[in-house]
> 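Let me begin by handing over the structure; questions about it come next.
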Amino acid sequence: MSLLNSSHAPQLVSDQGEVNVNGWTLLADDDALGVDQAVLSFGRAINELDGLNGRYGVRVAPGDDVRKLAPFLSKVALIEVAFPGYRDGRGYSTARILRQDLGFDGELRAVGDVLRDQLFWMMRCGFNSFLLKDADPAGAIRHARSLYTHAYQSAADGLKPVWALRHPA
Amino acid sequence: MYQYDQFDHAMVAARNAEFKDQVERRLKGELSEDQFKPLRLMNGLYLQLHAYMLRIAVPYGVLSSRQMRTFAHIARTYDRDFGHFTTRQNIQFNWIKLADTPQILEDLAAVEMHAIQTSGNCIRNTTTDQFAGAAKDEIDDPRPFAELIRQWSTFHPEFTFLPRKFKIAITGATRDRAAIRVHDIGLQLTDKGFDVYVGGGMGRTPHLGHLIKSGLPGDKLLSYLEAALRVYNRYGRRDNIYKARIKILVSALGPQEYARQVEEEWATLDQAQIDAPHAEIARIKSFFPQPAYAEKPFDVASLERAKAADAGFARWVRNNTLAHRRDDHVSVTISLKPTGLPPGDASSAQMDAMADAADRFGYGELRVSHEQNVILPHVAKADLYELYRLLDQNGLSSANVGKITDMIACPGLDYCSLANARSIPLAQDISQRFADAELTDKIGDLQIKISGCINACGHHHVGHIGILGVDKQGEEFYQILLGGRADEQAALGVITGKGLSAEAVPGALERLIKLYLELRTDETERFIDTVGRLGREAFAGALHEPA
């Protein structure tokens, strides 16, 4: 278990520990749209989603302002948030904005340098699926869920902050 | 002081169990150092030049006598019998064995302490006025809000991988003793709420913080901070470690534009879910009452007699005590700057002695200051002489608080893998050169701050005299800065004259001081005031030997 141990091929795992096959395909910006479960780049999504029917995936890079997706979210079933390196924490803000400000309730997936030590933070920020580089993805999810029973602050996972437990309404 | 409840205990216990498992796997070779590094750095464990260093958080510099005794125990049992108090109001142990760290953290947890978030690119220990709750010039007590921030920032899921580390300081007094203008966020508590300064910092590009918000209510503090941190997390630079602090972002956007973005983000937040309710703020405040003051008859005449009979005591009372909110008490600073010893170090016996002093004369409470001294915030004037004698028997009666030998110095090249030059030996040389008590008192208030490299852990930018160690073709050199200050009139010092060798620095300071004593209007004009009146160039010539 380590942040840098990325020798394992990524496997798709849900926040409940179910390991799944990834049916989504990331399209290059000049690929035709015909495929089922297509993931669009962020730039393409904000330019083209308005004129499209159906439900798509969108790949969001760390520097993308995810609020620009707000008008099109009804056409988005999956958002992949890219973590090019585990030290780049912009994706945590992206996730909370999607969940708590924009009300996105589809699949929110962390992709890239996603390792078991980040899962706890990612789940708190609203991610519910992960392309995880780990020998035992289900075990990694179980471990992350068992780490802490309480949290000092509210985030996107619905966990009540400790102050709410101290002062029940 | 704050006391843990079941939730606080559970949080620390969970982290310690996790780290214990990680250490065991490192010791078995299942984790390489590369793999272990980011994990140990989340727990305050650094690998320095010679050994592991463990940095323990002293939340906002407040500790009990029992916690101080635990530091003594750690120094004795796991280190070389001493510890080092830092400019972040924390303590560092420099000679730790990895295998001992889980037990050390367990010993700390037993007295409600930990090393969480004392390293890494996260929100670090919030610092404050070491005289909080005691000082006569206090408007409101900053400690409950520092504790509120401690809890909110602990394991904050959004802000664990910030562009760079993040430091918050709070003061609640008119005199700024917490150096808020050189912090990422500085909070000034007033009777109308918080004034928020942002984008201060030292390092290689020093900046003073900008006021971006006035009158922020205390019950909105956390959501406003959350918005401020989110803007930084999203837009702070990540391409260059030296340009990643918030000061660079604020400077690039301009403080007004940064403030506008924070307001915009703040408006999107579900503030009621973030801001702790009044009942929680009241609960935290209830842990910071005034002590049950002892009504000890205080006889001015007997204090004066003791001062007349013992010149060392008289000097210590003059230099090391501060006016208290009660006339029959004072706050006492225990100087950790004795002549010729490393600034901020204390032995296990001295830590025990300070704990005893706190129990006998200080209601069991101690503080650590960012100047690397230890404070007894509440001492009855009637007890001063007995306290002084106890401290004196333990080598803790240096009467130089605020004076030229009360230096800040970073660990420097003796410990730190980033340093270019040594800091501690230079501080020791200067301290010996100005060991004469009469001369020190004649010079008056003067702050020397020494950093062994450009990262500025020794705060050289805000020293009245700052000293910066640099490496010039494999040789250690020191640049002198003049005119810096960290108080409510914060200013950055400017490099003056050419770089000096370590041997040349004490002589240069002597010439500088001699010139100051000639130029000052009278003994009430402090060094920093004279530099302000005449300009630092008036002093540049004195730094170098006359040709």
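Just so it is clear: chains get the letters A, B, ... in the order the sequence lines come, proteins before strands, and each one is counted from 1. Everything numeric in this text was worked out from a predicted model, so none of it was measured.
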> Using atom types as modelled and distance alone, determine if a side-chain donor or acceptor of N240(B) lies under 3.5 Å from a backbone N or O of Y242(B).
yes
> Sort out for me which of Q6(B), R234(B), K37(B), E226(B) touches chain A most, counting heavy-atom pairs under 4.5 Å.
R234(B)
> Determine the option with the most heavy-atom pairs under 4.5 angstrom with chain A, choosing from R230(B), E265(B), E30(B).
R230(B)
> Please check if the side chain of Q118(A) supplies one atom and the backbone of D113(A) the other of a donor-acceptor pair under 3.5 Å.
yes
> Under 4.5 Å, heavy atom to heavy atom: which of residues 270-285 of chain B reach chain A? Give them by number, or say none.
A272(B), Q273(B), I274(B), D275(B), A276(B), P277(B), A279(B), E280(B), R283(B)
> Using only atom types and a distance under 3.5 Å, with no angle test, would you say the side chain of N16(B) pairs donor to acceptor with the backbone of L105(B)?
yes
> Decide if the gap between the ring center of Y148(A) and the ring center of F155(B) is smaller than 6.0 angstrom.
yes
> Would you tell me whether Y232(B) and D184(B) have side-chain atoms, one donor and one acceptor, within less than 3.5 Å of each other?
no
> Between the side chain of N125(B) and the main-chain N/O of V58(B), is any donor-acceptor distance below 3.5 Å?
yes
> Once rounded to the nearest 0.5 Å, what's the spacing between atom CH2 of W24(A) and atom CD of E80(A)?
8.5 Å
> In plain terms, say whether E33(B) and R40(B) are close enough for a salt bridge, that is, a side-chain N and a carboxylate O under 4.0 Å apart.
yes
> For chain B, find its close neighbours in residues 98-109 of chain A: heavy-atom separation under 4.5 Å, sorted by number, or none.
D101(A)
> Does the gap between the ring centers of F145(B) and Y60(B) come in under 6.0 Å?
no
> Has D136(A) got a side-chain atom pairing as donor or acceptor with G139(A)'s backbone, closer than 3.5 angstrom?
yes
> Does any heavy atom of chain B fall under 4.5 Å from the side chain of H167(A), the backbone, both, or neither of them?
side chain
> Please output the residues of residues 151-159 of chain A in contact with chain B, using a heavy-atom cutoff of under 4.5 Å, in numerical order.
A151(A), Y152(A), Q153(A), S154(A), A155(A)
> Determine all donor-acceptor pairs shorter than 3.5 Å in which one atom belongs to a side chain in residues 159-167 of chain B; sequence neighbours excluded.
residue	atom	partner	partner atom	Å
T160(B)	OG1	H156(B)	O	2.8
R164(B)	NH1	N121(B)	OD1	3.4

> If I measure from the heavy atoms of chain A, does R238(B) come under 4.5 Å with its side chain, its backbone, both, or neither?
side chain
